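Quick notes on the structure that follows.
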Amino acid sequence: MTIMANDLKTRGVTILDEALKLEDEAIISVRGKSKYVVMDLEHYNYLRECELEAALIQTHKEIEEGKAKTLTAEEHIEALHNDL
C-alpha cells in the first residue's frame with residue numbers, strides 16, 4: 001500500500017495503522033516517488049532476525065572455505081593497525 005506524504009501529514013499515525021492492517025509494509029510517497037517503508041515492530045524484528053541468520057550462514061560458509069583466521073586479541077589489534 002502506498003501512502004502519500006500529505007495524507008500522512010493530515011491523518012497521522014491513524015493512516016499507518018489502517019495500512020498495516022492490510023499489509024505487512026506500507027510505502028510513503030513524497031512528491032510522487034516512493035521514499036520510505038513503514039512496518040510494525042514485530043515485522044521489523046522478523047526481518048532483522050532473517051538478516052542476522054543470513055549473515056551467520058555466510059560466516060559459516062566462509063569458515064568452511066578457509067577464509068577465516070584464528071587470532072588472539074593482540075594479533076587482531078596488530079592486524080588492524082597494519083591495515084591502517
Side-chain angles (χ1 to χ4, degrees):
M1 174 171 199
T2 300
I3 299 169
M4 303 300 169
N6 285 338
D7 293 335
L8 181 59
K9 187 165 55 170
T10 58
R11 296 192 53 210
V13 177
T14 304
I15 196 168
L16 296 176
D17 286 335
E18 291 171 2
L20 294 176
K21 285 179 185 174
L22 302 173
E23 297 185 33
D24 290 334
E25 302 165 356
I27 296 171
I28 298 175
S29 175
V30 179
R31 295 186 197 99
K33 294 185 180 183
S34 299
K35 186 152 184 171
Y36 303 102
V37 176
V38 178
M39 63 189 76
D40 67 23
L41 190 57
E42 183 179 339
H43 186 63
Y44 172 79
N45 286 334
Y46 168 75
L47 293 177
R48 269 303 275 155
E49 189 175 323
C50 291
E51 183 179 40
L52 293 171
E53 184 69 26
L56 183 60
I57 290 169
Q58 181 65 33
T59 300
H60 285 295
K61 181 182 173 191
E62 290 176 5
I63 290 170
E64 289 173 6
E65 292 172 351
K67 295 179 180 178
K69 297 178 186 177
T70 302
L71 303 172
T72 65
E74 291 81 14
E75 290 169 333
H76 181 68
I77 291 171
E78 183 179 331
L80 291 174
H81 284 293
N82 291 338
D83 287 344
L84 296 177

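Sequential numbering from 1 along the given sequence is applied to the chain's residues. Since this is a predicted model, take the numbers as computed values, not measurements.
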Following the transitive rule for hydrophobic clusters with a side-chain heavy-atom cut-off under 4.5 Å over Ile, Leu, Val, Met, Phe, Trp and Tyr, establish whether Ile27 and Val30 coincide in one cluster.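 The answer is no; the residues belong to distinct hydrophobic clusters.
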Assigning hydrophobic clusters by single linkage (Ile, Leu, Val, Met, Phe, Trp, Tyr; side-chain heavy-atom cutoff under 4.5 Å), is Leu8 placed with Met1?
no
Notebook entry, point to check: Below 4.5 Å, heavy atoms only, C-beta onward: do Glu49 and Glu53 meet side chain to side chain?
Noted result: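 They are not in contact (no side-chain heavy atoms under 4.5 Å apart), so the answer is no.
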Supply the atom-to-atom distance [X] [atom1] to [Y] [atom2], rounded to the nearest 0.5 angstrom.
{"X": "Lys61", "Y": "Lys67", "atom1": "NZ", "atom2": "NZ", "value": "7.0 Å"}
{"X": "Thr59", "Y": "Leu52", "atom1": "OG1", "atom2": "CG", "value": "10.5 Å"}
{"X": "Lys9", "Y": "Ile3", "atom1": "NZ", "atom2": "CD1", "value": "15.0 Å"}

**Item:** salt bridge (charged side-chain N to carboxylate O under 4.0 Å, His left out) between Glu51 and Arg48, intermediate numbers included
**Value:** CA-CA 5 Å; Glu51 183 179 40; Arg48 269 303 275 155; 2.5 Å; yes
Residues at least two apart in sequence or cross-chain that pass side-chain hydrogen bond (donor to acceptor under 3.5 Å, both in side chains) with Glu18, listed by chain then number, are Arg11
Those residues at least two apart in sequence (or on a different chain) that pass side-chain contact (heavy atoms from CB on, under 4.5 Å) with Leu41 are Tyr44, Asn45
task = Write down the atom of Leu47, the atom of Met39, and the distance for their closest heavy-atom approach.
result =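 In this case the closest contact between Leu47 and Met39 is CD1-SD, 3.7 Å.
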The salt bridge (charged side-chain N to carboxylate O under 4.0 Å, His left out) partners of Glu42 (sequence neighbours excluded) come to none
Exercise for review: Assess whether side chain to side chain contact (heavy atoms under 4.5 Å, CB included) is satisfied between His43 and Leu20, documenting all intermediate values.
Suggested key: CA-CA 10 Å; His43 186 63; Leu20 294 176; over 6 Å; no
inquiry  = Can you confirm whether Glu78 is buried at CD, in the sense that more than 12 heavy atoms of other residues, nucleotides or ligands lie under 6.0 Å from that atom?
reply    = no
